[in-house]
Amino acid sequence: MPHQVAITIHAPIRAGSAADLRELLAELGRKGAHDGAIPFGELPGVHFARFFVLDQVGDLDGRPIPASLVYLSDVDAPLDRHLRQLAGKADVLDQVFGYCEDYPVAVPALGARVAWLRRHVVSSAVTYVNTVGRGLDQIRQEARLREAIQDFLDEPGRDWAGRSPTEVRREVRRFVASRPDLARAMSPPRRPGIVFRVRETAHKIALPLVVLVLSPALLVALPAWAVLLRWHERRDEEETKRPDPMLVAELTSYEDHVVQNAFTAVGFVKAGLFRRLTMRIVLAGVSYAVRHFYNAGSLAGVRTIHFARWVPIDDGRRLFFASNYDGSQESYMSDFIDRLAWGLNAVFSNGHGYPRTRWLVKGGAENEQAFKNYLRNHQLPAPVWYSAYDNLTADNVAANARIRAGLHADLTPAQTADWLALL
Amino acid sequence: MTTKTSTKLDLHDIQGLVARGYGSLPVACYLLFAVADRRAAQAQVGRWAEAVANAGSGHREAATHVAFTATGLAALGLPEDSLAGFSAEFLGGMAAPHRARQLGDVDEADPARWQWGGPANPQVDGVVLLYARDEQELAERERSAAGALTGNGLRLVKRLGTERLTDREPFGFRDGIAQPAVAGLGSAGNGQAVAAGEFVLGYRNGYGQLTDAPALARNGTYLVFRQLEQDVDGFWRYVEDATRRPDGSVDDDRREQLAAKMVGRWRSGAPLVLAPDHDDPARAADNAFGYHDTDPTGLACPLGAHIRRANPRDSLDPDPGTAKSLAVNDRHRLLRRGRAYGPEPRGLHFICLSANIARQFEFVQHTWLDNPNFRGRYDDTDPLVGSRLPYGDTFTEPAAPVRRRHVGLPRFVLPRGGGYFFLPGISALRSLAELP
C-alpha cells in the first residue's frame, strides 16, 4: 500500500480577480464536489481535497500580500501521479487556476500544466496522517467487507444463538473466502514500499542524533530562550474580538453536511526573530512526533482527525493549518481544549493575537472562549471540499481494518468475542 | 485560574426555575408572547421582576417565570452593543439553517414546518412559564397573566399546555432521574456537583472561567425550548413487531427488553447496567453507576442507548472510567425542566437550562444523540429521539455471540417548534424595564 502525501498548491491570483474566483468556487461548491463539479472521485487515491482563497491583506508591517488560491489534497503517493491526473482534468483546472498569474490557459500541452502545478507546490512543515500507509483502496475495500459481513450475519434463516464466537468467526471466514470480491481481505494489506520505510527509519534515527550533537549548544541557549519566552509571553498582545457573525454564517453554511468537516485557518507569525525561530523548532518537533509516533490512529489521544497539516507561506510571515476531522467544530474545539491544548499552544502561540500562554504550553487553548473565538476569527471558508468516504469516521476506518485483521490473525476465544463486537 | 472554592450564588437574584423543577406544582402552562408596544411591555417586565419566583425563596403555591428571545430583548430596547454580547447561538436562534441541520431539524422536522418558532410562524419574543398546585389555581394565574400580556403592549402568540406532572414521560418510562447537581444549589441532583457557571452566567464554569456574556446576563441563563411530539403508538408497535416470535406471535418479554435496551432503563427507571435482565422497581431511582467498569461493551446497556448517549458518564475518551472522563462529561450537562403534554398529540415540552448552548445543548444533540457514528457505530442515531437523517436508522443491540441489528427504525420524535430564550436574573428584569 502506498503512503500518503499532502499536496499544497499555492498561487497568486491575477490582480482584481479574487472576488470572481471566490464566486466561482462558491458556485462549484453549491453544485457539490461529489456531483462532479470537480471530479475528485475520478482521480485515484484522493482522500480529501479542497480549494480556498486567501484574500489580499497587509502583513504586520503593512506590506501588501496579494490574494492567492490554495489547493490542498491528501492523496496516496506518488505525488507526481496526482499532479498529472489533476492536470488531465484540463477543463476544470483551467476554470479555477485560470485566475492565477502565469497559468498556461492557452497551452494545450499536459506537460505545461503539470510544470506549472509543480512550480507552485509548497511543502508542509507538519503533515499528520491518521494511519500512515492505509490507502484509499484499502479503506474502501474494508468498508465493503464490513457491510458484507453485516449482511451475511443477518441473512434470513441464520440463527447464531448458542453458537460460540469461534464457530461464528469460522463461518464468517468461510463466507469471505468464498466471495471473489472480498477474498483479498483474507490476507493483510501490503505495507508501504521499502524505500519509504527505509527513509522513515533513517529519519527517525537521524534527528535525535543531530539533537544529541547539538545538545551542548542547546543547553547553553535554553535558559536565555526561556527568559525571552516569558518576556514575549507577557508582552504579546491577545486578540479579544468576537467573530464576525457574517463570517460565522458563511463558515457554518459549509459545516455538518457529512460526518467530517474541513477546518482551514490562517494567521501571521508574530514579528521578530525569536518567535520565528521558536515556531520553526516547535514545528520540527511536532513533525517528528506525528511522523514517527502519532502515525497509527491517534494524535495524542485525539482519534477524530484524518489528515492535518501546518504550512508556512509568504516567506514564513504567515502559517496556515488545515485538517479533515470528524463531527462538529464545537466537538473538535472541545477535543483541542480538553486533550491537545499543550500541543496547539506550542505552535499557535507564535501566531499573532493568540490567547496568552505561559511557558509555551500552558494557558492559550485552555482559555475556552478566547481560543474558540481565535479559531473562528482566523478560519477560512473552503467552499469546494471533497471527502472520498464522507460517512466514515476515523474510528470507523480503524475498526474496519481491525475486522479485516481479525480474519487472518490468531485469536483467543476472548479476542474472538471482542472481534465480533466490532460488528 | 481554576478555583475549587465553594460557590456563593446570588439566589435571590436567580429565577427559581434554575434551582427547582417544581415537583410540588404539578400543573403548568407556557405562554409564548410577542412585544407589540415597547414602553407598555417594559412596564410589564417591571411588574414581572417583582412577581417571578427566585431561587432563594421557599415553598410556593404557584410560580411565574419569564424568558426572552433575542428579538424580544431587542424589542424591549436593549442596545445593540449589549445584545451583541450574548452568545452567537442565542442571537442566531434555533431555526437558523446551519443550526437546524446540526439539530436534525430537516425534512419533516424543518423549522419551516414548525407550529411555532419557525420562519413561517409569528415572531416569538418571550415566554411566560406558569406553575401551580392545581388546575384551578393555574386557571386563575393564566387569566391574570393573559390579561397582563394583552393589556400591556404584549401579544399572546401561542399557549402551550402540559399534562399533570408525573414521573413518566409519554413513552411510559420514568424520566428526570439523572439531573446534574449544581455547586451552590444544594439539594437538587446527585453525584459530584457541576460548576455553577455551567448553568448560571456570571460564575465560573467547568473550565474555571467566566462564560462570555454582557453585564445584564449575570444571574441569568439560557433556556432551550423544544416541542417534541412523540409517536407513542409507533414506538410500541415497532418494538412489538421487531421482537415477534418466528411464528408471528407477540413476545412480551422481548418487547419490553428491546424497549429498555433502546432507553437504557426499564419502564420503572431501573438502569440496565444495574438490572440487566429484567425490570427491578427497587432500583427505579438508582442513579449511582458508571459504565466503563461494569459494561464497557454495552452487553447490558447498549452503547447507543438513549441514556448512555445523553449522559455517557465515565465512558468518554481519553481515560474512560476516571475522574478525567467524568470532568469531560460534566462540561456537557443540561438542567432539564421539561414537561409532557397531551393526550393527543402527545409529547414533551423539552426545556433545559445551560450557560453555553453550543457546548451543552447543541453538543449533546449533535455529537451524542443524533450522531450516526457515535461510539464507533456507523448508522445508529439515538433509537428514541434520533432524526435518522441523513442516515442513522439502525439500532445495534450488543449480544453474544453476535449483536442484534435492527434496521429501518422510524423516527419516533418530531420537533414541532422551539426557540432559544434567555432567562434573566431578577435585577436584569428591572434593568430591562428601565431601559431608556
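Looking at A:Asp335, there are no atoms closer than 4.5 Å to chain B (heavy atoms on both sides), in backbone or side chain. Interface remark: B:Ser87 contributes backbone atoms only to the contact with chain A (heavy atom separation under 4.5 Å). When heavy atoms are compared at a cutoff of 4.5 Å, A:Val168 approaches chain B solely by way of its side chain, counted from C-beta outward. Residue contact with chain B, scored on non-hydrogen atoms closer than 4.5 Å, involves the backbone of A:Ser253 exclusively. Using a 4.5 Å cut-off between heavy atoms, B:Asp319 does not touch chain A at all. Neither the backbone nor the side chain of A:Glu167 comes within less than 4.5 Å of any heavy atom in chain B. B:Ala358 touches chain A through backbone and side chain together, each having a heavy atom under 4.5 Å away. At a 4.5 Å heavy-atom cutoff, A:Asp159 makes no contact with chain B through either its backbone or its side chain. With a threshold of 4.5 angstrom between heavy atoms, B:Arg359 approaches chain A through its backbone and through its side chain. In this structure, no portion of B:Ala327 lies under 4.5 Å from any heavy atom of chain A. Proximity to chain A is limited to the side chain of B:Asn205, based on heavy atoms less than 4.5 angstrom apart. Within the 4.5 angstrom heavy-atom criterion, no atom of B:Asn371 approaches chain A. For chain B, no part of A:Arg169 is nearby; none of its heavy atoms comes within less than 4.5 Å. Both the backbone and the side chain of A:Ala399 come within contact range of chain B, judged by heavy atoms closer than 4.5 Å. When heavy atoms are compared at a cutoff of 4.5 Å, B:Leu299 does not approach chain A at all.
In this structure, the side chains of B:Trp368 and B:Leu316 come closer than 4.5 Å at one or more pairs of heavy atoms. Side-chain contact check for B:Asp253 versus B:Thr243: every heavy-atom pair is 4.5 Å or farther apart.
Taking each heavy atom of B:Gly206 and B:Ala195 in turn, the nearest pair found is N-CB, 3.9 Å.
Note on ring orientation: taking the six-membered ring where Trp is involved, the planes of B:Phe395 and B:His406 are parallel (angle under 30°, cut-offs 30° and 60°). Below 30°, between 30° and 60°, or above 60°: for B:Tyr222 and B:Phe86 the angle between ring planes is above 60°, a perpendicular geometry.
A donor-acceptor pair is defined here as one N or O able to donate and one able to accept, closer than 3.5 Å; no such pair exists between the side chain of A:Glu142 and the backbone of A:Ala185. Not a single donor-acceptor pair under 3.5 Å links the side chain of A:Trp342 to the backbone N or O of A:Lys362.
Side-chain atoms of A:Asn261 and A:Glu255 form no donor-acceptor pair, as typed in the model, at a separation below 3.5 Å. Between the side chains of B:Thr396 and B:Asp380, at least one donor-acceptor pair of N or O atoms lies under 3.5 Å.
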